[in-house]
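Source: prediction; values computed, not measured. Heavy-atom basis, side chains included; hydrogens, waters and symmetry copies ignored.
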Amino acid sequence: MTRSLPRTARLTLLPIGLAWALAAERTRLASGWSIPWVVADLVPGIAFLIAGEIAWNRRPDNRIGPLMVAIGFAWYVGTYGASRDPFVGPVAHAFQGYYDGLLAWLVLAYPTGRLRGLASRAVVGALIALLAVRTVFRLAMIRRSTDYDFADPAAVDRYIADLSLRDTGNAVFHIGIAVLAAAVLILVLRRLRDETGVGRRVAGPILLGGVAIAVGVIVEVIALAAAGSFAERSVAWDLGQALTVTTATLVPIGFAFGLARSRLARGSVADLVVELGNAPERPALRDVLARALRDPTLEVAYAVPESSRWVDANGRDIELPSSEDPNRAMTRLHGGGRTVAVLVHDPALAEQRELVRSVAAAARLALENERLAAEVRTQLDEVRASRARIVVAGDAERRRVERDLHDGAQQRLVTLALALQVAQGHVDGSNPELAASLDRAGRELDLALGELRELARGLHPTVLVEDGLTAAVQALADRSPIAISLSVDAPRCPPTVEAAAYFVVAEALTNVAKYAKASAATVRIDEAAGILTVEITDDGIGGADPARGSGLRGLDDRVAAAGGRLVVRSEPGAGTTVMAEIPCG
């Protein structure tokens, strides 16, 4: 209903409501009520009408505005009970008090307009049902009379069909209303206790008004129950009127206070602009926005292009809450025809759309920059993951080739060598040339077999898999043609880490032997704080350039795929140092 009502129709409700209020108070003045009482009764209803009109225009899709307007109209129904008209007076008296049910609905549903939980719906439903039963009861108790004059409280009893039944019914209704008011009080206090900081800031003034209303109703019922005479009932009734007028006015005042505070918060957006301008000095954008919106739970999610993923500023995945999640809400920020970011925040901020939009507008450029940065980080993570997959696939292929060489070509060469030896045993001295040829073929076969074994070890050394990094590096040092000083003090690490460290040492020692013209080299491997450090230093001629060598570039990729970094220092004439730092986790 609130979605389809045109704005022009909503705007006409305020003048209609004002006319309704003034006509009601005019009736009360004509019946002899004092001006202070009339003014006191006039103010709360008009306050609800004005606050409801403002709320309805701000949030046409929210029920809070219509509820406030309805309370404003219902407020004056009982006032028409002062009419001397034999129909209007009794009917108005019978329908008096429905604003209590609407007030309970407003307080328990603020700020979304929707009642939270079964208990709230049950209490509001029971209160409105009780008021409806009271209406029927009051209509049944009235004896029709053309001389009916409800303006004279002392004469009312003459027009009651059964005074005893009337008094019993009133007592029952008073107790029922007091019990339901106590239930509303408990629900409001429980919500104030459980509400988030943002929720208390947004709904707190209205909720406190609801506490005051519930307490006022309970006090009024107690006072009426304690009254024994007509005079005491009049005093209790006056007390109840004063409490009702005072506490009910607190609700629109609380709404106006919250509105003013929201306006002041929007005014502080200028400070946010200044803070965002100090990019090198400001904290993370998410922290700046969380402080501006006063929501410590705020999250900022950025869309990953050409996918349904959302990530934070560090490129980590974020799962957006569902639209049915009562504990989280989302505000989408658009720019250039697309979603720049999504703010995931406390649902209470949904009632401060102007503040959220103002903060988002001030931070739009920074959000766009951070979105691009998050996109780059995500792409970088994908590149790293792809690089790691390539290294793993390469290692698997190395192991396959090494296994095939060992089980295939290498075994065939061994078999061939044995066959040559058998053939040499059958050659006598009558053919020295054949014997010499077979001898040369055996030596060449031994060399080929040795080179094949060396190649297989280089592809993926078995000792690395079976005995670990220390034994594998020791085997490299033993085969090196130059003197190697070895220091290894490291625990077993994941296979990818040990493989990366091994190939760093293997490539570095190969380069030392081939190009460095060094007489000695030092290999140091140790682990500290979860970081495996591999360092190879030689005393050669230096001048190594990683950009010109595919071996060092391949090592850089392998180390980076394991999450580490590779550094090469090689000044001409000062030797070369190759150092890798790899997380051993």
Side-chain angles (χ1 to χ4, degrees), residues 59 61-62 111-112 114 116 195-199 201-202 265-266 269 272-273 275-280 282-390 392 560-561 563 583 585:
R59 294 289 306 278
D61 58 339
N62 192 297
T112 63
R114 299 182 180 276
R116 298 184 176 189
E195 191 64 85
T196 63
V198 177
R201 189 177 73 250
V202 172
R266 288 175 62 191
V269 172
L272 173 64
V273 174
E275 187 170 7
L276 290 173
N278 298 326
R282 69 168 169 84
L285 178 59
R286 177 263 160 205
D287 296 336
V288 175
L289 296 180
R291 188 164 59 251
L293 294 172
R294 299 177 67 183
D295 180 10
T297 69
L298 179 78
E299 294 178 282
V300 183
Y302 304 95
V304 178
E306 300 179 2
S307 78
S308 59
R309 293 173 54 207
W310 296 85
V311 297
D312 62 11
N314 295 317
R316 294 188 294 264
D317 285 342
I318 289 182
E319 184 175 352
L320 297 184
S322 71
S323 57
E324 305 300 324
D325 188 347
N327 300 314
R328 302 299 283 163
M330 293 184 295
T331 299
R332 294 180 180 270
L333 308 180
H334 302 284
R338 60 180 176 175
T339 300
V340 176
V342 172
L343 302 183
V344 182
H345 52 76
D346 192 292
L349 280 177
E351 308 310 314
Q352 294 185 313
R353 289 182 177 178
E354 296 87 351
L355 173 61
V356 176
R357 281 198 295 263
S358 298
V359 169
R364 196 173 304 280
L365 180 59
L367 282 169
E368 176 67 13
N369 290 338
E370 191 153 294
R371 183 193 68 80
L372 293 173
E375 183 178 327
V376 170
R377 292 189 187 98
T378 301
Q379 292 173 348
L380 182 59
D381 289 341
E382 292 174 352
V383 169
R384 286 172 177 164
S386 175
R387 180 186 284 173
R389 289 193 296 270
I390 291 172
V392 170

query: With Pro296, which residues qualify under side chain to side chain contact (heavy atoms under 4.5 Å, CB included), at least two apart?
result: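 Pro296 satisfies side chain to side chain contact (heavy atoms under 4.5 Å, CB included) with no residue once adjacent residues are dropped.
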- prompt: What residues form a side chain to side chain contact (heavy atoms under 4.5 Å, CB included) with Arg116, not counting sequence neighbours?
  reply: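 For Arg116, the residues satisfying side chain to side chain contact (heavy atoms under 4.5 Å, CB included) (neighbours in sequence not counted) are Arg191, Glu195.
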task: Go through the steps to decide whether Val300 and Leu343 satisfy the test side-chain contact (heavy atoms from CB on, under 4.5 Å), and finish with yes or no.
output: CA-CA 5 Å; Val300 183; Leu343 302 183; 3.9 Å; yes
- request: Applying salt bridge (Lys or Arg N to Asp or Glu O under 4.0 Å), name anything that partners Arg328, two or more places apart in sequence or on another chain.
  value: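 Once residues adjacent in sequence are excluded, the partners of Arg328 under the salt bridge (Lys or Arg N to Asp or Glu O under 4.0 Å) criterion are Glu299.
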query: In Å and rounded to the nearest 0.5 Å, what is the CG to CD1 distance from Asp312 to Ile318?
result: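 Answer rounded to 0.5 Å: 4.5 Å.
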- prompt: Hey, does the side chain of Asp295 reach the backbone of Asp346 with a donor-acceptor pair shorter than 3.5 angstrom?
  reply: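 Present.
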